[in-house]
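Throughout, protein chains are lettered first and strands after them, A, B, ... in sequence-line order, and every chain is numbered starting at 1.
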Protein chains: 2
Amino acid sequence: MRREAILRAATAVFATRGYNSASLVEIAEEAGMTHSGVIHHFGSKEQLLVAVLAYRDDADVVSLEDHTAPKGAAFLEHLVRTAEQNTRRAGIVQGYTVLSAESVTEGHPAQGYFRDRFAGLRIMLVDALRVVTEGELPDEVLDRTASAIIATMDGLQVQWLLDPEAVDMPTSLRLTIEGALRELEARRAGLRGGTAVTR
Amino acid sequence: MRREAILRAATAVFATRGYNSASLVEIAEEAGMTHSGVIHHFGSKEQLLVAVLAYRDDADVVSLEDHTAPKGAAFLEHLVRTAEQNTRRAGIVQGYTVLSAESVTEGHPAQGYFRDRFAGLRIMLVDALRVVTEGELPDEVLDRTASAIIATMDGLQVQWLLDPEAVDMPTSLRLTIEGALRELEARRAGLRGGTAVTR
DNA sequence: CCTACCGATCGGTAGG
DNA sequence: CCTACCGATCGGTAGG
């Protein structure tokens, strides 16, 4: 399918240049046609971005098919494994990093996509943390922890892309997750003992 | 000074649009002149970006003057306080988030600036963590922890800009820092006891 | 600093 | 007649 060649080319160009600076001409060249051909297939540059984001989600689903959504502590382990794999997928990491940050600019077409994506990730992580802490902590604490763990993954990618040898993404992520679990366990112990934990 | 009017206007436009999509015409209008006047003062769009980044660093130094660089645990507390202040400075947060992520794209003029900035931040944070852990842990562990804490701050900003009501930056950052300190303390205890920590 | 421009490139659309 | 494009060009805007 020509559509798939365009989606692959657009994924690469959006990753290297960002959405606003990417040109349909460059995407079209990489897909072996003119930019009019790209428009014929996707209608506009904006609709092409939407298709690229959906295409990437589909690809992720396919690669996760055999894992069938890990639960609880296994999900946290899955995040560290993903960070490890990401050190060999700089292109994908860059696409995610550039587009997610660019999406906070005025009127960016991927704003809704990333807002929903983060909301969904937080819910998945809260579920995993609730299992690990056996449901003894309020959802708010789990949600703040979920935000923080997702943030750590994303922030590490920026530092790593700028200076790959200075950053060890999986090691830093594991440190953060294990620290977060210790913090949550300490708060559980605090709840049970009835006294404040001093640290 | 007209230069300062241009710097303020450029800071705002780079923050809302990013560097590549920002136009000199828009910056000039906001500064009350033509885009040729902007070029007259700064030579090129790229040199204007460099001046904006230096200008922001100067402003930060001025605001930190009375604090004169907090050390050890006080520095960690300073990070949480900054996150708290940032919830009232969405413009500055957006500028930092957009430009730092955009800088990983091909040939971006702020690449060196952000690479050096992250390297400097990691060193400051390693110093603070070394004080807190009384120098008993290897620098590599402290450095991985430093990367992770900086990453948490940056990643939280993206989530917060997209959905301010769903994210509590200072609370999530404090959870991460306290978790990281627990993790480091556990590793110190492991070193002293001579036995491996199980979790 | 402005007016008056340049080479180039942007996303999108025309008829065929 | 359709699909999947093409070469050419539209009106505007970019940095300098």
Path from A:Met124 to A:Leu79 over hydrophobic side-chain contacts below 4.5 Å: yes

D:dC6, OP1 or OP2 - any side-chain N/O from A:Ser36 closer than 4.0 Å? no

Consider only side-chain N and O atoms of B:Gln159 and A:Arg115, and report whether a donor and an acceptor are under 3.5 Å apart. no

Set out, in order, the CA-CA distance, both residues' side-chain angles and the distance that settles side chain to side chain contact (heavy atoms under 4.5 Å, CB included) for A:Leu48 and A:Ile27, then state yes or no. CA-CA 11 Å; A:Leu48 175 57; A:Ile27 291 167; 4.1 Å; yes

Distance in angstrom units between B:His40 NE2 and D:dG16 C1', rounded: 15 Å

Let me confirm one number: the OG-CD1 distance from B:Ser172 to B:Ile177, rounded to the nearest 0.5 Å. 11.0 Å

Are B:Leu125 and B:Val80 connected in a single hydrophobic cluster, I mean Ile/Leu/Val/Met/Phe/Trp/Tyr linked by side-chain heavy atoms less than 4.5 Å apart? yes

Flag this pair as yes if the NZ/CZ of A:Lys45 is under 6.0 angstrom from the six-membered ring centre of A:Phe14 and inside a 45 degree cone about the axis; otherwise no. no

If only side-chain N and O atoms of B:Arg2 are considered, is one of them under 4.0 Å from the OP1 or OP2 phosphate oxygen of C:dC1? yes

Separation of atom CE in A:Met33 from atom C1' in D:dA4, rounded to whole Å: 9 Å

Is B:Val158 reachable from B:Ile92 through a run of hydrophobic residues whose side-chain heavy atoms are each under 4.5 Å from the next? no

If the plane angle is over 60° it's perpendicular, under 30° parallel, otherwise tilted; pick one for B:Tyr96 and B:Phe114. perpendicular

Structure string for DNA chain C in dot-bracket form, Watson-Crick and G-U at under 3.5 Å, | interchain: ....||....|.|.|.

Short heteroatom pairs, N/O only, protein and nucleotides 9-11 of chain C, under 3.5 Å:
from   : atom 1 : to      : atom 2 : distance (Å)
C:dC10 : OP1    : A:Ser23 : OG     : 3.3
C:dG11 : OP1    : A:Ala22 : O      : 2.8
C:dG11 : OP1    : A:Lys45 : NZ     : 2.8
C:dG11 : OP2    : A:Leu24 : N      : 3.0

